[in-house]
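Take a look at the structure below.
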Amino acid sequence: MKNPLGITVTKENNFSEWYSQIVQKAELGDIRSGIQGFLVHRPWGFFIIKKIYEYLEEEIDKQGHQQFLFPISVKEKDLMREKEHAGFNPDVFWVTQGGSKKLEEKFALRPTGEAQIYPMYSLWFRSHRDLPFRGYQSRISVFRNEMTTWPFMRGREFLFLETHNVYNEHKEALSQIKLDLGTCEKVIYDKIKIPFKYFKRPQWDRFKGADNTFTPDTLMPDGKRNQLASTHDLGQNFSKAFNIKVKDKNEKEQNVWQTCFGPGIWRIMAALIAIHGDDNGLIIPFDMSQLQIVIIPITFSDKKIESKKVVDNCKKIESMISKLGYRVKFDNDEEKPGFKYNKWELFGVPLRIEVGPKEVKSKSVSLALRTEKKKKQVKISSLDKEIKKSSLKVDKDIKDNADKYFKNNTRSTNSFKELKEIIKKYKGFIKVPFCSVEMDGEKCADKLKADTQGGNVCGTLYPKEEKLSTKKCVICGKKANHLVYIAKSY
């Protein structure tokens, strides 16, 4: 049954329109600010985003990261220092004028933090004793001149968290990459319930200026890959470009080793909406919902005394639940109960309590979970216990449904002809033998993209690459050295 509040399509048949309606009607964001690609974050959606930030910050704080905050501006010459990283230049916004006067030196709005942070690192660190250093900035915006925009997937301004770490030895940097993977597991999967595969990107698709890039990728309901985060082994590329050196134990100067990690705050939000939601609206993990429990009275206009008892009882229950530490609302607006059911399902409220004359008499409530169609009667005396139990059940249902959705999402083929047929209709990853994930494999990747209308090489599984069962590249027929995963991407 379609939600009368306005969800007019199903997720399965028209995912793009379903997603857009959820963003708008569940009051997650608003695109009507007047400038394309700049999203207004509404309170209901921003609460979820704040939770994503909290979870990530908690994990990286445990690893010893220290938080700092840099300005929004980046000098042009700093963006140009690292040769590959300068590739960001066509995508940046430039500030060229202040008031009515043209600036003597234009500057960019940061597309990412390296070019503004690393000049300062060259001043901060002098000795090997200063390292390792783990720093990050959070709850910031970055700016890129994206031509195609979509709320929480692509924008000209989007929310960001980035770590920037410095080490004496490369092995420390590689250990951090694994810690970043652990952060993704603990936050994106364990807490937000979004399953993913972790890939090592091919060289032509790594971060500009990195030696290697690693990403957790999930699949959206239309079968396209959503990159949820990225962590980068920067080697010594930036330390050489920005002259970040320390004296080692022998008083000899050496360039430092670096990593950076960027969880995609927006991308994680988009995956939560798309993977967990259903045709009635959002479905949100219990801790992430701004409103965890809604209380709906069942009253009758011709039974004023009974209805007053219902309302009074709802107020008492609301007070009791609030004192237990939950975020609860007694919805006593004039709309009919059915309207309220649909409204709060649309907004993804995890638990719904209904109270009518029968419940007042039996000193109980009717309890419904967002992830179930049924209701159950619960005595008020045991409501605390039932809320705890039900909150865990909601989270388990969300995780189980997401795992089921993501399970068996990969097909395999050794034939380019078959690959092209599969990618037309299959919503998932396709595993194929591939010649090389080094730069010499880019020609095959380009042919793949052209011949499949957008198929991309996501990379090889990390940390343990899979063994080949055949020796011929599915594209060129030459010797295959890797098993790669392919999917269309945003």
Side-chain angles (χ1 to χ4, degrees), residues 1-15 17-29 42-48 51 152 192-194 221 269-299 314 317-318 321 326-356 359 365-378 386-387 389-402 404-405:
M1 180 178 178
K2 291 178 182 177
N3 192 317
L5 293 176
I7 305 301
T8 60
V9 297
T10 65
K11 183 165 79 169
E12 182 177 357
N13 292 330
N14 192 344
F15 168 68
E17 177 61 21
W18 172 90
Y19 180 92
S20 296
Q21 290 191 25
I22 292 290
V23 170
Q24 176 187 347
K25 297 186 181 296
E27 298 181 5
L28 303 176
R42 300 192 67 178
W44 194 263
F46 199 63
F47 186 92
I48 299 171
K51 281 292 180 180
F152 304 114
I192 309 177
K193 323 298 180 190
I194 300 169
M269 177 69 166
L272 180 150
I273 297 166
I275 293 174
H276 299 334
D278 64 15
D279 291 341
N280 290 325
L282 287 172
I283 296 178
I284 312 171
F286 190 77
D287 183 57
M288 299 188 75
S289 183
Q290 182 177 7
L291 178 59
Q292 295 170 312
I293 304 164
V294 64
I295 302 170
I296 297 176
I298 313 298
T299 57
C314 287
I317 293 169
E318 180 188 33
I321 293 174
Y326 298 109
R327 298 183 290 276
V328 59
K329 175 183 175 66
F330 169 34
D331 185 352
N332 199 26
D333 290 346
E334 294 180 355
E335 290 92 350
K336 292 181 179 180
F339 180 91
K340 295 176 184 179
Y341 298 162
N342 288 323
K343 174 184 176 180
W344 296 116
E345 280 193 346
L346 171 63
F347 280 73
V349 174
L351 302 182
R352 184 179 76 237
I353 288 174
E354 301 168 19
V355 179
E359 284 81 9
V365 301
S366 292
L367 180 63
L369 280 60
R370 178 62 180 85
T371 52
E372 295 182 345
K373 301 296 183 184
K374 59 187 179 181
K375 305 175 187 177
K376 61 181 176 180
Q377 293 296 119
V378 177
E386 283 296 329
I387 289 174
K389 181 179 176 182
S390 296
S391 67
L392 294 173
K393 178 67 164 58
V394 166
D395 283 356
K396 184 178 186 303
D397 288 345
I398 292 173
K399 182 178 180 296
D400 289 347
N401 289 336
K404 182 179 179 181
Y405 157 83

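All values below come from the heavy atoms of this structure, side chains included, with hydrogens, waters and symmetry mates left out. In this text, all values refer to a predicted model and were calculated from it rather than measured experimentally.
When all heavy atoms of D278 and R370 are compared, the pair lying nearest together is OD1-NH2, 2.8 Å. The heavy-atom pair separating P297 from K340 by the smallest distance is CD-NZ, 4.1 Å. Nearest heavy atoms, I353 versus V365: CG2-CB, 3.6 Å. In terms of heavy-atom proximity, E359 sits nearest to V355 at OE1-C, 3.9 Å. Nearest heavy atoms, G281 versus I22: CA-CD1, 3.4 Å. The minimum heavy-atom distance linking F347 with A26 is given by the pair CE2-O, 3.5 Å.
For the pair R327 (side chain) and Q290 (backbone), a donor-acceptor distance under 3.5 Å is present. Judged purely by atom type and a 3.5 angstrom limit, D331 has no side-chain atom pairing as donor or acceptor with the backbone of V294. Between the W344 side chain and the L351 main chain, no donor and acceptor come within less than 3.5 Å of each other.
With sequence neighbours left out, the salt bridge (Lys or Arg N to Asp or Glu O under 4.0 Å) criterion links D333 to no other residue. Among residues two or more places apart in sequence or in another chain, the side-chain contact (heavy atoms from CB on, under 4.5 Å) test is passed with K375 by Y341, R352, E354, A368. Listed by chain and residue number, nothing satisfies the salt bridge (Lys or Arg N to Asp or Glu O under 4.0 Å) test with E335 (two or more places apart in sequence, or in another chain). Listed by chain and number, the residues in a salt bridge (Lys or Arg N to Asp or Glu O under 4.0 Å) with K399 are D403 (sequence neighbours excluded). Residues satisfying the side-chain contact (heavy atoms from CB on, under 4.5 Å) test with K393, not counting sequence neighbours, are L369, E372, D397. The side chain to side chain donor-acceptor pair (under 3.5 Å) test applied to K389 returns no partner, not counting sequence neighbours. Under the side-chain contact (heavy atoms from CB on, under 4.5 Å) criterion, K336 pairs with no residue, sequence neighbours left out. For the side chain to side chain donor-acceptor pair (under 3.5 Å) test, no residue two or more places apart in sequence or in another chain qualifies with N401. Shown here are the side-chain contact (heavy atoms from CB on, under 4.5 Å) partners of Q21, two or more places apart in sequence or in another chain: I7, T8, V9, E17, K25. For K11, the salt bridge (Lys or Arg N to Asp or Glu O under 4.0 Å) test picks out no residue, with sequence neighbours left out.
Put simply, the side chain of K51 does not reach to within 4.5 Å of the side chain of P285, judged on heavy atoms. Proximity of I284 to W44: side-chain heavy atoms (C-beta onward) are separated by under 4.5 Å at one or more points. I296 is not listed as a side-chain neighbour of K343, based on a closest heavy-atom distance of 4.5 Å or more. Considering only heavy atoms from C-beta on, N332 stays 4.5 Å or farther from C314 through its side chain. Side-chain contact between Y19 and P221 is absent, with no heavy-atom pair separated by less than 4.5 Å.
One finds the CD1 atom of I317 at 9.5 Å from the CZ atom of F330 (value rounded to the nearest 0.5 Å). Distance CD1/I295 to CD1/I321: 4.5 Å, rounded to 0.5 Å. A distance of 14.0 Å separates CD1 of I293 from NZ of K329, quoted to the nearest 0.5 Å. Between I283 atom CD1 and I398 atom CD1 the span is 6.5 Å, to the nearest 0.5 Å.
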Start with the C-alpha gap between D279 and W18, add the side-chain angles, then the distance that decides, and say whether side-chain contact (heavy atoms from CB on, under 4.5 Å) holds.
CA-CA 8 Å; D279 291 341; W18 172 90; 4.0 Å; yes

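Annotation: K376, atom NZ; neighbour count of heavy atoms from other residues, nucleotides and ligands within 6.0 Å is above 12.
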Pairs under 3.5 angstrom only: tabulate donor-acceptor contacts from the side chains of residues 269-276 to other protein residues two or more places apart or in another chain.
unit_1: H276; atom_1: NE2; unit_2: I192; atom_2: O; d: 2.8

